[in-house]
Amino acid sequence: MLTFHNPDHHLHHASELKDGKVSPCFELPHRADTVLARVRQVGLGQLAIPAHYGKERYARIHSERYVNFLESAWQEWTALGHRHDALPLVWPVRDLRSDIEPEHIDGKLGFYAMDAGVAITAGTWQAVRRSADTALNGMDHLLQGNRSAFALCRPPGHHAAAEYMGGYCYLNNAAIAAQSCLDQGGKRVAILDVDFHHGNGTQSIFYQRPDVLFVSLHGDPRRSYPYFSGHRDETGSGAGQGFNLNYPLPHGTDWGSYATALDDACKRIRAYQPDALVISLGVDTYENDPISHFRLTSHDFFGIGAAIASIQSPTLFVMEGGYMVDEIGINAVNVLQGYTGGV
Ligand SMILES: NCCCNCCCCCC(O)(O)C(F)(F)F
Ligand SMILES: [Zn+2]
């Protein structure tokens, strides 16, 4: 399996507002380095640096003004004399207005964010666009007739919606890759999100569309971030009704119950007969993950890969979360080896 990776991810090392304090973001550069080292160590396959893609590719999923905001935010922030990370301080919640884009950067930061887990730094724009390029090149690799690819994306993407960032995510790498498949002749794409946290951004982007089936297994939002999406009754709307499937699972979920949900999800995806399958691969479902609450063992990740292989579609794995940095490489690559062993 070919791995695309993005060395520019080191340009993004942000802070986050967590538990009432501004602290170094859990989404550390070392995460991607550890996964890459494991890919090399097991000899998973060739490595490649992605080609550069234009902003118009990101704007197939995100609004043009949001993409332009990501590109210009740091410059607008430092024009005020700031040298530290940019963080939002006010959001258009409930009956506050969001039909008018503020001109001041403080207003824009909240207008384009769902939470304070998305600081903007000097290198953020370059890092996030190269992360999206990684997923785009992975999808191109599939469209050239290959069965699978691994897009080692950092920063992650599945919390980012058309016009907002959140939860360490800025551009939705998996959604951008799925759209690229459809733009190049694909009729149906399935996205399976196995990160512990619900992919609210991916759900939002495709919620009214039947050409992308979104399926997610995640911590029950009544007790798990992002708290405000991911319930079972969110099944799509309009033409997209029935093309959104959520499997919220309780804290303490182990392989037994996880595998039951995963098997059902894979059956639904097989029935959809996608031209391509995109996996939002978060491994924060790991029992020792510091910010999550499932109890999968490293061995269980082989089973996730084998279940995905049973769908028998060309498959792009897109890296999302996972914070137990020592084991993140083992767990992510176990999924990939479970897949290649199962195909
Ligand atoms: N007490 C809970 C604090 C939660 N803080 C934010 C968690 C963000 C999770 C991000 C992720 O793992 O879903 C991604 F894949 F996007 F990286
Ligand atoms: Zn996560």
Side-chain angles (χ1 to χ4, degrees), residues 6 9 12-32 34-35 87-88 91 113-119 124 127-128 131-132 134-135 151-161 164-177 191-205 214 216-230 246-249 251 253 258 278-296 301 304 317-325 327-328 331-332 335:
N6 145 38
H9 79 83
H12 177 72
H13 185 180
S15 37
E16 66 171 302
L17 176 62
K18 180 174 174 352
D19 304 336
K21 294 193 301 286
V22 177
S23 39
C25 185
F26 259 97
E27 203 286 296
L28 292 165
H30 191 52
R31 296 178 56 249
T34 305
V35 175
L87 275 169
W91 289 265
M114 65 181 250
D115 68 12
V118 273
T124 298
V128 300
S131 186
T134 305
L152 177 41
C153 292
R154 187 189 167 265
H158 72 149
H159 296 301
Y164 62 77
M165 55 192 183
Y168 313 153
C169 302
Y170 303 80
L171 290 174
N172 193 314
N173 307 312
I176 288 167
I191 300 177
L192 172 62
D193 190 327
V194 295
D195 188 279
F196 172 79
H197 305 95
H198 180 243
N200 62 284
T202 314
Q203 171 173 295
S204 164
I205 287 163
F214 178 63
S216 178
L217 286 70
H218 49 268
D220 187 322
R222 288 173 297 183
R223 294 189 63 209
S224 309
Y225 179 94
Y227 300 113
F228 307 117
S229 76
N246 285 325
Y247 295 80
L249 299 168
H251 284 194
T253 289
Y258 192 89
V278 177
I279 306 295
S280 269
L281 179 58
V283 291
D284 39 12
T285 48
Y286 178 51
E287 60 187 344
N288 297 327
D289 193 275
I291 66 168
S292 308
H293 307 283
F294 284 171
R295 292 185 26 222
L296 301 193
F301 288 99
I304 292 179
F317 293 86
V318 176
M319 193 72 203
E320 300 281 1
Y323 304 97
M324 192 62 198
V325 181
E327 285 92 336
I328 185 174
N331 295 339
V335 172

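This one's a predicted model, so the numbers in the text were calculated from it and none came from an experiment. Ligands are counted one by one from 1 in listed order, and the atoms in each one are counted from 1 as well.
With sequence neighbours excluded, the residues forming a side-chain hydrogen bond (donor to acceptor under 3.5 Å, both in side chains) with S224 are H251, listed by chain and number. Partners of Y168 according to the side-chain hydrogen bond (donor to acceptor under 3.5 Å, both in side chains) rule, which considers only residues two or more places apart in sequence or in another chain, are E16. With sequence neighbours excluded, the residues that form a side-chain hydrogen bond (donor to acceptor under 3.5 Å, both in side chains) with H158 are D193.
Side-chain contact between V278 and V318: present, with at least one pair of heavy atoms (C-beta onward) separated by less than 4.5 Å. Between V283 and M324, the closest side-chain pair of non-hydrogen atoms is not below 4.5 Å.
With 3.5 Å as the limit, one finds a donor-acceptor pair spanning the side chains of S131 and N173. H198 and S216 are not linked by any side-chain donor-acceptor pair at a separation below 3.5 angstrom, with hydrogens and angles left out of the test.
At a 4.0 Å heavy-atom cut-off, the residues surrounding ligand 1 are P156, H158, H159, G167, Y168, C169, D195, H197, Y225, D284, E320, G321, Y323, listed by chain and number.
The Zn ion (ligand 2) has no N, O or S atom of E320 closer than 2.8 Å.
Here the N, O or S atom of D195 that is nearest to the Zn ion (ligand 2) is OD1.
Rounding to 10°, one obtains 100° for the angle at the Zn ion (ligand 2) between ND1 (H197) and OD2 (D284).
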